[in-house]
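Below is one structure, written out as structure tokens; the observations come after it.
Along the sequence shown, the residues carry numbers beginning at 1. Every value quoted in this text rests on a predicted model; they were computed, and no experiment measured them.
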Amino acid sequence: MALVFLRTDPVSWAQDPDVDKLFQPARSKLINDVIKNFTRENNTAFELHNETRKLRHANSTDYKSQGKFSWDPITQGRIIGAYSYGHVFSQVMGGFLEARFGGKKVLGLSILLSSVLTLLTPAAAVAGEWWLFVVRVAVGFVQGVTYPSIFGILSRWAPPSERGRLLTIVTTGETLGVFVGFTLTARLITLFGWAVTLYITGVAGLVFCCIWCLLAFDSPSVHPRISEVERKYIESNLETTTKRREIPWFKMLTSPHLWVLIYIHCTDGWGFYMMLTCLPLYMDTILNFNLDANGALSAMPYLTLMASRILSTVIIDAIMKLSSFKKVNIRKTSLLALAGVGACLVAVGHVRCDSTAAIAMLCLATVMQGVMVPGFYPSYTELTLGYSGVAFGISNAVANCAGFIVPMTVGIITDENQTVAAWQKVFYIGAAISVSGSIMALLFLRTDPVSWARDPDEAQVPDEAQDPDEDKLLQPARDKLIRVFEDGEKEGSCPEIVYETSV
């Protein structure tokens, strides 16, 4: 129950890949509900007409006759993106803090502070638009450490063959929570008012902090209740890396392989925010689809996303274990899903007034998105080993800029131009960006550890193309190579190569 309630509020402790990305639509919907129901708790109502941009003051004591406060598309984009404004600036700091103090302390403090801020959100909404904006920025800032902390923890707890599966488990709980929250939020607001959803989720976050402090540990070596067999299994299967080494900031920031991951992450983030933040606006304004009256149908994309992650994890893990395909080729194939996302975005722009077809295309796009968690995001840990928390923090900081760039872009293109043609431009831009991510992956993606992430005390690792075990066996033979020529048997015979080895 704690996991379910925790996932319904803006306080995400596990936020896919993406973390964070999955909660943005629920946050956006919750903010819009706050706006629409603001005057239900007051006698004064305000309505800002998009057609005239004039503010009309209306006083009423009738609950049903009260107006609603609405903003133009540009202002809506700014408010929806408030979380991302703060979220961007704490990503790198989160990776650094996780590497310095451990993920348990950093993540626990993040959930504690964001829960308190969530409880203060109703008061901020009553105080005014900018107070709500500031609180949302603050929540985004303290939650920016979430994903870097999770990746750092997974780098010390998850063996390489199980990282995709464990990361999927984390994000599946998150997606399930968002699905439940999306279906229940409108009902809760209708029965009890908009503020109750924030109070419930804020309290759930505080309860989770207590559970986290009791049960979470930074690594198997400091866990007091783990069995010796399990501890040895985990530690023996982890890549060799030294936890307390200095972070190689310059090498990390100038690594072309890391920037390839960052670019792919950005394209994934753009498509994700496009689908789950801006498409509801498209369905409301162009398709006249009532999201509040069809909460279960509106939440279907989250359900398909969760199912896709589970299924793709099973398939990808089986392929890695049972097939002879290289890991990097499996990752590249998985990233072709971004091209599928682009195709779905284009299709949505051509369904005209068919809301059912739009939902179907959105669900199909989330199926493609679900492949990204087990198919792509473990690449950070594979590439940067113990620095994966910092590396993902840098990447998430850049990628989360899409959280406010996408709504603002949509607002600029569609401001005073809520037409199908305008929205098609939006979808074409998103599709082009998504497809470029697949192309970048096919050309430049790498999954073997970079040199600056390896332990300096570790033996020199051979090139990617050569089998490490084979190299270790052949090296002594190279050192003791002896050329012996046959005497007088055949004229001009080739030399016989003799390898002296201990094998």
Side-chain angles (χ1 to χ4, degrees), residues 7-8 12 14-29 164 167-183 264-284 287 289 291 294-316 334-351 354-377 399 402-403 406 410 426-427 430-431 433-435 437-438:
R7 297 301 175 263
T8 63
S12 68
Q15 168 82 74
D16 131 79
D18 47 253
V19 314
D20 293 30
K21 291 190 298 183
L22 290 171
F23 274 100
Q24 190 64 27
R27 298 186 185 107
S28 304
K29 183 178 184 300
L167 185 58
T168 300
I169 291 174
V170 171
T171 55
T172 296
E174 167 198 48
T175 311
L176 178 62
V178 175
F179 173 77
V180 174
F182 211 134
T183 56
I264 298 171
H265 191 175
C266 289
T267 60
D268 179 41
W270 187 283
F272 192 92
Y273 284 115
M274 180 67 66
M275 289 188 303
L276 299 184
T277 303
C278 297
L279 278 185
L281 179 61
Y282 170 76
M283 296 171 65
D284 183 39
L287 304 180
F289 182 79
L291 296 175
N294 298 276
L297 185 59
S298 304
M300 279 301 297
Y302 295 97
L303 187 61
T304 56
L305 179 65
M306 180 177 63
S308 172
R309 286 177 174 172
I310 296 174
L311 181 60
S312 60
T313 297
V314 174
I315 295 174
I316 291 175
S334 301
L335 284 164
L336 292 175
L338 287 175
V341 172
C344 292
L345 289 175
V346 173
V348 169
H350 291 274
V351 298
D354 191 345
S355 58
T356 303
I359 288 288
M361 287 296 100
L362 181 57
C363 291
L364 182 58
T366 55
V367 169
M368 305 289 184
Q369 284 276 350
V371 180
M372 295 294 293
V373 171
F376 167 67
Y377 287 101
V406 170
V410 173
V426 172
F427 294 139
I433 292 175
S434 294
V435 172
S438 291

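Side-chain contact check for Leu305 versus Phe272: some heavy-atom pair is nearer than 4.5 Å. Annotation: side chain of Tyr282 is not in contact with side chain of Val426 (no heavy-atom distance under 4.5 Å).
Here the closest non-hydrogen pair linking Val373 and Thr168 is CG1-OG1, 3.9 Å. Summarising the geometry of Thr366 relative to Cys363, their closest heavy-atom pair is OG1-O, 2.6 Å, with the distance given to 0.1 Å. In terms of heavy atoms, Gly430 sits closest to Met274 at CA-CE, 4.5 Å. Scanning all heavy atoms of the two residues, the minimum distance from Gly370 to Ser312 falls at O-OG, 3.5 Å. Residue Ser308 comes nearest to Val371 through the heavy atom pair OG-N, 3.9 Å, listed as atom of the first residue, atom of the second, then distance. Across all non-hydrogen atoms, the minimal contact from Val346 to Ala431 is CG2-CB, 3.5 Å.
Between atom CE of residue Met368 and atom CG of residue Asp268 there is a gap of 13.5 Å, rounded to the nearest 0.5 Å. Considering OG of Ser434 and CG of Leu345, their distance stands at 5.5 Å, rounded to 0.5 Å.
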Exercise. Could you go step by step and tell me if Leu338 and Phe376 meet the side chain to side chain contact (heavy atoms under 4.5 Å, CB included) rule?
Worked result: CA-CA 11 Å; Leu338 287 175; Phe376 167 67; over 6 Å; no
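Without hydrogens or angle criteria, Thr267 side chain to Ile264 main chain gives a donor-acceptor distance under 3.5 Å. Under a 3.5 Å cut-off, the side chain of Ser438 and the backbone N or O of Ala339 do form a donor-acceptor pair.
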